[in-house]
Novice: 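Structure below; questions to follow.
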Amino acid sequence: MNIRPQEVTVDGERSVQYKGSDGKFHGIAPDGGNTAQSYAVVNNPNAYELVFSGQYVGGGQKKFNAYTCDEAKTEISASELVDIIVADPNTTIIFRTKGSGSYERIVLLRPNQIHADLSEVRLEGTLAGNKTDVIDAYVNKTSNEIRLFINNA
C-alpha cells in the first residue's frame with residue numbers, strides 16, 4: 001500500500017490525512033493523531049525519522065539524526081541508515097516540520113540516488129501546501145552525517 005500524507009483543511013482546521021481507496025480522506029492514525037510518529041508506529045514500525053540534532057556541519061548546514069519510529073525511538077547512525085536504505089530502497093524515511101500554523105507538515109523521503117561505492121544516499125520528497133517545497137537529504141556513510149535541505153519552489 002502506498003499512503004501519501006496530504007494536508008487537508010476542514011472547517012478551517014488543518015490536519016494531515018491520506019486518501020483511501022474509497023476516495024475519502026482518513027486520519028493517519030486510528031486515534032485521529034496526525035504526527036509522523038503515530039503514522040509510522042501504526043503503519044510501519046520499521047520506518048525512520050530524521051530529526052534536527054541542534055548541531056551544524058560545514059558551511060552552517062543543519063545536521064540531522066535518524067531515529068527508529070517504533071516505541072523505542074532508538075537513534076541510529078548515518079552509516080547504519082545508508083546500509084538499511086541500500087538493502088531496501090523502499091524503507092520509509094519520514095521528515096516533519098512545522099507549517100505556518102500550528103500543524104505539522106510531513107514528508108516521506110525516497111532514495112533518488114545511491115552512489116556507486118554505496119557511501120552516500122540522496123533522499124528526496126515533496127511538501128505540498130500553499131507552495132511546494134522539495135526536501136533533499138544526504139545520508140553520508142563516510143562522514144557519518146545526515147544533511148537536509150528545504151528548497152522552496
Side-chain angles (χ1 to χ4, degrees), residues 1-8 14-20 25-129 133-152:
M1 180 186 294
N2 189 9
I3 297 174
R4 294 180 186 243
Q6 299 179 34
E7 181 184 323
V8 178
R14 292 179 174 173
S15 66
V16 178
Q17 300 182 356
Y18 72 94
K19 194 171 194 176
F25 283 98
H26 303 276
I28 56 178
D31 62 357
N34 63 2
T35 66
Q37 184 65 32
S38 62
Y39 168 82
V41 170
V42 170
N43 295 291
N44 188 354
N46 297 319
Y48 299 89
E49 181 176 359
L50 302 184
V51 178
F52 177 51
S53 68
Q55 299 177 346
Y56 294 85
V57 293
Q61 299 171 350
K62 290 182 176 181
K63 181 179 175 185
F64 287 76
N65 293 331
Y67 294 91
T68 60
C69 287
D70 57 13
E71 299 293 331
K73 299 179 192 170
T74 306
E75 182 177 349
I76 63 165
S77 69
S79 186
E80 290 174 285
L81 187 58
V82 167
D83 291 341
I84 290 165
I85 295 168
V86 167
D88 182 6
N90 290 317
T91 300
T92 299
I93 310 294
I94 295 171
F95 171 69
R96 60 183 163 163
T97 184
K98 291 285 185 192
S100 60
S102 60
Y103 66 95
E104 287 186 327
R105 297 174 72 197
I106 301 169
V107 64
L108 299 178
L109 301 171
R110 294 288 180 224
N112 130 326
Q113 182 180 36
I114 298 175
H115 282 223
D117 65 359
L118 307 180
S119 65
E120 185 174 72
V121 173
R122 178 176 178 250
L123 305 168
E124 185 178 77
T126 304
L127 283 170
D133 296 330
V134 176
I135 309 299
D136 288 314
Y138 297 86
V139 185
N140 190 292
K141 190 171 187 171
T142 308
S143 64
N144 201 28
E145 292 178 343
I146 302 171
R147 294 169 285 129
L148 187 139
F149 304 91
I150 300 175
N151 303 305
N152 299 337

Novice: What is the minimum heavy-atom distance between F52 and F64, and which atoms define it?
Specialist: N-CD2, 3.2 Å
Novice: Taking atom CG of L109 and atom CD1 of I135, what is their separation to the nearest 0.5 Å?
Specialist: 7.0 Å
Novice: For the atom pair CD (E75) and OH (Y48), what is the distance rounded to the nearest 0.5 Å?
Specialist: 13.0 Å
Novice: Would you sort out whether I146 and N65 count as a side-chain contact (heavy atoms from CB on, under 4.5 Å), showing the intermediate values?
Specialist: CA-CA 7 Å; I146 302 171; N65 293 331; 5.8 Å; no
Novice: Closest heavy-atom contact between T142 and N140?
Specialist: N-OD1, 2.8 Å
Novice: With a 4.0 Å cut-off on N to O distance, would you call E124 and R122 a salt bridge?
Specialist: yes
Novice: Would L81 and I93 count as a side-chain contact (heavy atoms from CB on, under 4.5 Å) here? Give the steps.
Specialist: CA-CA 10 Å; L81 187 58; I93 310 294; 3.8 Å; yes
Novice: Over all heavy atoms of both residues, which pair between A72 and T68 is shortest? Give the atoms and the distance, please.
Specialist: C-OG1, 4.4 Å
Novice: Rounded to the nearest 0.5 Å, how far does NZ of K63 lie from CD of Q55?
Specialist: 5.0 Å
Novice: NZ/K141 to CG/D117 distance, rounded to the nearest 0.5 angstrom?
Specialist: 9.5 Å
Novice: Taking 4.0 angstrom as the limit, do K62 and E145 come out as a salt bridge?
Specialist: no
Novice: Supply the atom-to-atom distance I106 CD1 to F95 CZ, rounded to the nearest 0.5 angstrom.
Specialist: 11.0 Å
Novice: Can you check whether Y56 reaches Q61 side chain to side chain, under 4.5 Å on heavy atoms?
Specialist: no
Novice: With side-chain contact (heavy atoms from CB on, under 4.5 Å) as the test, would you mind laying out the steps for I76 and I84 before giving the verdict?
Specialist: CA-CA 10 Å; I76 63 165; I84 290 165; 3.9 Å; yes
Novice: Do L108 and I94 have side chains that approach each other closer than 4.5 Å (heavy atoms only, starting at C-beta)?
Specialist: yes
Novice: Please check if the side chain of N144 supplies one atom and the backbone of S79 the other of a donor-acceptor pair under 3.5 Å.
Specialist: yes
Novice: If you compare all heavy atoms of I85 against all heavy atoms of P111, which two are closest, and at what distance to 0.1 Å?
Specialist: CG2-CG, 3.7 Å
Novice: Kindly confirm or rule out a cation-pi arrangement of K73 over Y67, judged by NZ or CZ under 6.0 Å from the six-membered ring centre and within 45° of its axis?
Specialist: no
Novice: Answer yes or no: is there a side-chain heavy-atom contact under 4.5 Å between V107 and D133?
Specialist: no
Novice: Enter the distance from D88:CG to N46:CG here, rounded to the nearest 0.5 Å.
Specialist: 9.5 Å
Novice: Check whether the side chains of N151 and D136 place a donor and an acceptor atom closer than 3.5 Å, and report yes or no.
Specialist: yes
